[in-house]
Trainee: 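Quick one: this structure, given as structure tokens, is what I'll be asking you about.
Throughout, a chain's letter reflects where its sequence line sits, starting with A, and its residues are numbered from 1.
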Amino acid sequence: MRIGIDVGGTNTDAVLMDGNAVLAEVKTATTGDVTSGVVAAISGLAAARSFEPGQVRAVMIGTTHFTNAIVEARRLAPTAAIRLALPATRALPPMVDWPERLVEALGGHVYLCHGGHEFDGRAIAPLDEGELRRVASDLAAKGIGTVAISSVFSPVNAEYEQRAADILSAELPGLHVSLSHQIGRIGLLERENATIVNACLRGLAEQIADAFGTALATVGITAPLYLSQNDGTLMDVEYARHYPVATFASGPTNSMRGAAFLSGLSDCAVIDVGGTTSDVGVLARGFPREATTEVDIGGVRSNFRMPDVLSIGIGGGSLVTGGPVTVGPESVGYELTSRALVFGGDTLTATDLAVAAGIAAIGDAAAVADLPRRLVRDGLSVIADRMAGVLDRMRTSPEPLPVVAVGGGSILVPDEIPGTLAVHRPAHFAVANAIGAAIAQVGGEVDRIFALGAQTREQVLEQAKAEAVDRAVAAGAKPQDVRIVEVDEVPISYLPGNAVRVRVKAVGELQLDTAHA
Amino acid sequence: MRKIAAAQIADIARGAAILGTGGGGDPYIGRLLAERAIAAGGPVTLVEIDEVPADAVVVPVAMMGAPTVMVEKLPTGTEIAAVLAALEGVLGRRPTHIACIEAGGVNSTIPFAAAAVTGLPLVDADGMGRAFPELQMVLPTLAGISTTPLALADEKGNTAVLHTVDNHWAERLARSATVEMGCSATTAQYVLRGDQLAGALVAGTLTRAERLGAVVARARAAHDDPVAAAMAELGGRLLLTGKVTDVSRRTTAGFARGTAALTDGGGLEFQNEHLVATVDGKIVASVPDLICVLEADSGEPITTEALRYGLRVAVIGVPCDPRWRTPEGLALVGPGYFGYDHEYQPVESM
């Protein structure tokens, strides 16, 4: 058995699963105290279906704690950004385009040091050990215990980041270090930003990981604990202590993967209809397609691996007006159960249309019996057209995709959508997030520039694939089960020697029998 | 003459990237560099060509190299002063004005940084009215102006000055020096006298870029159609709309060439910039006319490197500067130079 838990801002959802069967599901309110919320969710599962703690082989948790900490600029550690790049890059120092509020929250400690590499692996300048020791003594004087180290072209050559970490750690035992080549891709500012964000969350990550551990100990579960990453794979809790940034946006990813799992589809579009918005994503071979554009987190530009999700302002609480009929983007939101007509309110919402048309049985149908037929029909057709439009925009090939509809407002999704195959409405859709966490796999990724000189294109791709597989196995995947799910190669203009940027991702089932700590 | 503040750079970068027809680099880094330089050095004075004295020493400043490198090895800020000092050393004259050689995300914002750093006025113009991949592909070449003396500078303090027998040699030698400098260098070249500007540059490009960037941002904020707004501002016509269904790329001779297929029979061919647009195999626009690819909903320019499966795009064809349509212009940047055998036809007549 495994337990999947999704700790959201409002609700904590949990499921107990055995293989592919959902044995129990529970929805509880998220608590300020992390431990008691998780204990309550697991206790809720045990109340729904009794199980022995020893039967649980793994616990997977998806959490929004770290995203929220950045958005709210709270509970962040004073962090130094150390960039190895001089004499290059001085014009745009670390945190150059950050919101002032976040810079202040971290203390604005920025160090530019010598180092970095050229695109072809030559050093820009040698690493200066004395310079780094001076940084260390400055950090000690200021009492800063967390650093983010970035080096130019570290995805091509990570040596300087590693050596700088060794030098600083020798001077400052117990220093928390985040290295950019382990976190991001080509694109110095975006990779460095993600690394700084990761570093400032390290203290919080320790607290949250401890709290989760305490919760499991409280209910007697000794199985390994994993956290969901934004690409739909898992990391063990020890890894999460070092890479909390990898949890960002795991919520929508879990929701999509959970929905796909429940419907038995691996290539599909998922539409998650809430009270105010509908979020649409696409799964290819079981994983969410990633956004290729830079993503802002709390105003910080990053190149995190984020699912490509498109939102439209239509949900169960969307306001409906007559004349030419409009639906949304204004919504009654969480006040649906007091303001919608079917709940005795005075506001016409999308939910009221669904009830009037007889496709939903919620609240008092008599309250909408007198709505003009034309208004109901036109309103629902506006909703259907908008949803069809956003689904069409998310398709990447002319082949029609099946659609999985989840979320409280999913009744608004029409049965027939042009350009799509059947619309699936799976059971347990309310806890799709927790299911997505419970079924997550383990992955490894390579993203690097290779020079096609001594090696052929095929050799380079094979090398990248082998490295990705090794990384997946190191992260806890069953070796015999790992497969390549994504290969992307982009030739790089103006570089000599036919350089090519290769991204490869491998995933596999979690090895449940071996504890990875 | 007018002042350009840091707040105006975002619109200029966006508009210039649209005029860059898929090339010219990532506008984000260029925008940050210009904004920071203006924050430190004060607003930039933008002057029109007819405000420039006949004996002015006008120096276009640009960056040369790979866009992928520029997002990783960022400039250090001293390159502009170094490149201008190196050029001044061989010219024996002090530059009086900065100019822009190319419309593009990086090369239309770097001149603002240069103007802010030096305090010199910037000429509202550029050398192409669009972006092209090679150094000699500029209107000053047609006007008989030499690329060299050309100065390059890197972040380490290296500078080089080239004197070449023609503008093609300037491209070859500057390109290899740039590669040695780590595939990113700041350059100053095509030194112009004030009375040469009207004949050798496209007037008003920077203002055009700013207006273009602003109408797209405004249309988006007002939930109007940003593509229609851009098209009206450009005086172009809609060639294609659709979703990218396939992108194939190959690197030949150091340039990223490729093709993209769109739904409804649309096609694009590119070499750093978009070169040809087709519908059902029939050419509907060709280099040197501008083929501007915008994200269909936001109106944001899409560089050829960012072109990917699934993007919804609108492709706009815009007439190029008439000087590119002369036999000499077409010999320099026409379809034949890029390896095509079709005859160029103006986009408005197709």
Trainee: Looking at side-chain heavy atoms only, is the closest gap between A:Leu188 and B:Lys73 below 4.5 Å?
Mentor: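 A side-chain contact is absent here, since even the closest heavy-atom pair is not under 4.5 Å.
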Trainee: Among residues 32-40 of chain B, which ones touch chain A with a heavy-atom distance under 4.5 Å?
Mentor: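 Hits under 4.5 Å: B:Leu32, B:Leu33, B:Arg36.
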Trainee: Between A:Pro93, A:Ser154, A:Ala85, which shows the greatest number of heavy-atom pairs under 4.5 Å with chain B?
Mentor: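 The option with the most such pairs is A:Pro93.
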Trainee: Relative to chain B, which segment of A:Leu112 carries a heavy atom at a distance below 4.5 Å: side chain, backbone, both, or neither?
Mentor: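 Neither part.
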Trainee: Check whether B:Glu300 gets within reach of chain A through its side chain, its backbone, both or neither, counting any heavy atom under 4.5 Å.
Mentor: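 Neither part, no heavy atoms under 4.5 Å.
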Trainee: Based on non-hydrogen pairs under 4.5 Å, which of B:Pro75, B:Ser184, B:Gly77, B:Ser176 is most in contact with chain A?
Mentor: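 Counting heavy-atom pairs under 4.5 Å, the top option is B:Pro75.
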Trainee: To the closest 0.5 Å, what do you measure between CG (A:Asp392) and OG1 (B:Thr263)?
Mentor: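 Going from the CG atom of A:Asp392 to the OG1 atom of B:Thr263 covers 8.5 Å.
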Trainee: Find the distance between CG (A:Asp97) and OH (B:Tyr28) and round it off to the nearest 0.5 Å.
Mentor: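 Reported value, rounded in 0.5 Å steps: 3.5 Å.
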Trainee: Below 4.5 Å, heavy-atom pairs only: which of B:Val247, B:Thr78, B:Asp297 has the largest tally toward chain A?
Mentor: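 Going by pairs under 4.5 Å, I would pick B:Asp297.
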Trainee: Give the minimum heavy-atom separation between A:Phe119 and B:Cys183, together with the two atoms involved.
Mentor: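 Smallest interatomic distance, heavy atoms only, reads CE2-CB, 3.5 Å.
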Trainee: Does any heavy atom of chain B fall under 4.5 Å from the side chain of A:Ala88, the backbone, both, or neither of them?
Mentor: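 Contact with chain B: backbone and side chain both.
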Trainee: What part of B:Asp154 gets within 4.5 angstrom of chain A, counting heavy atoms only: side chain, backbone, both, or neither?
Mentor: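 For B:Asp154, no heavy atom lies under 4.5 Å from chain A.
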Trainee: Are more than 12 heavy atoms from other residues, nucleotides or ligands located less than 6.0 Å from atom CZ of A:Arg122?
Mentor: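 Counting neighbours around CZ of A:Arg122, more than 12 heavy atoms of other residues, nucleotides or ligands fall under 6.0 Å, so yes.
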Trainee: Less than 4.5 Å to any heavy atom of chain B: does that hold for the side chain of A:Ser150, its backbone, both, or neither?
Mentor: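 Neither part; nothing is under 4.5 Å.
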Trainee: Can B:Lys156 and A:Glu118 be counted as an ion pair, charged N to O under 4.0 angstrom?
Mentor: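 A salt bridge links B:Lys156 with A:Glu118.
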Trainee: Ignoring hydrogens and angles, tell me if any N or O in the side chain of A:Thr89 forms a donor-acceptor pair with the backbone of B:Thr76 under 3.5 Å.
Mentor: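 It does not hold such a pair.
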Trainee: Answer yes or no: is there a side-chain heavy-atom contact under 4.5 Å between A:Leu86 and B:Glu155?
Mentor: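 No - every pair of side-chain heavy atoms lies 4.5 Å or more apart.
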Trainee: Compare all side-chain heavy atoms of B:Leu74 with those of A:Arg90 and state whether any distance is below 4.5 angstrom.
Mentor: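 Answer no - side chains too far apart.
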Trainee: How many angstroms lie between atom CD of B:Glu72 and atom CD1 of A:Ile186, to the nearest 0.5 angstrom?
Mentor: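 If I round to the nearest 0.5 Å, the distance is 5.0 Å.
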Trainee: Could you tell me which portion of B:Met70 (side chain, backbone, both or neither) has an atom closer than 4.5 angstrom to a non-hydrogen atom of chain A?
Mentor: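 For B:Met70, there is no contact with chain A at all, as no heavy atom is under 4.5 Å.
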Trainee: Can you confirm whether A:Glu190 sits close enough to B:Val71 that some side-chain heavy atom of one is under 4.5 Å from a side-chain heavy atom of the other?
Mentor: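 No. Closest side-chain heavy atoms not under 4.5 Å.
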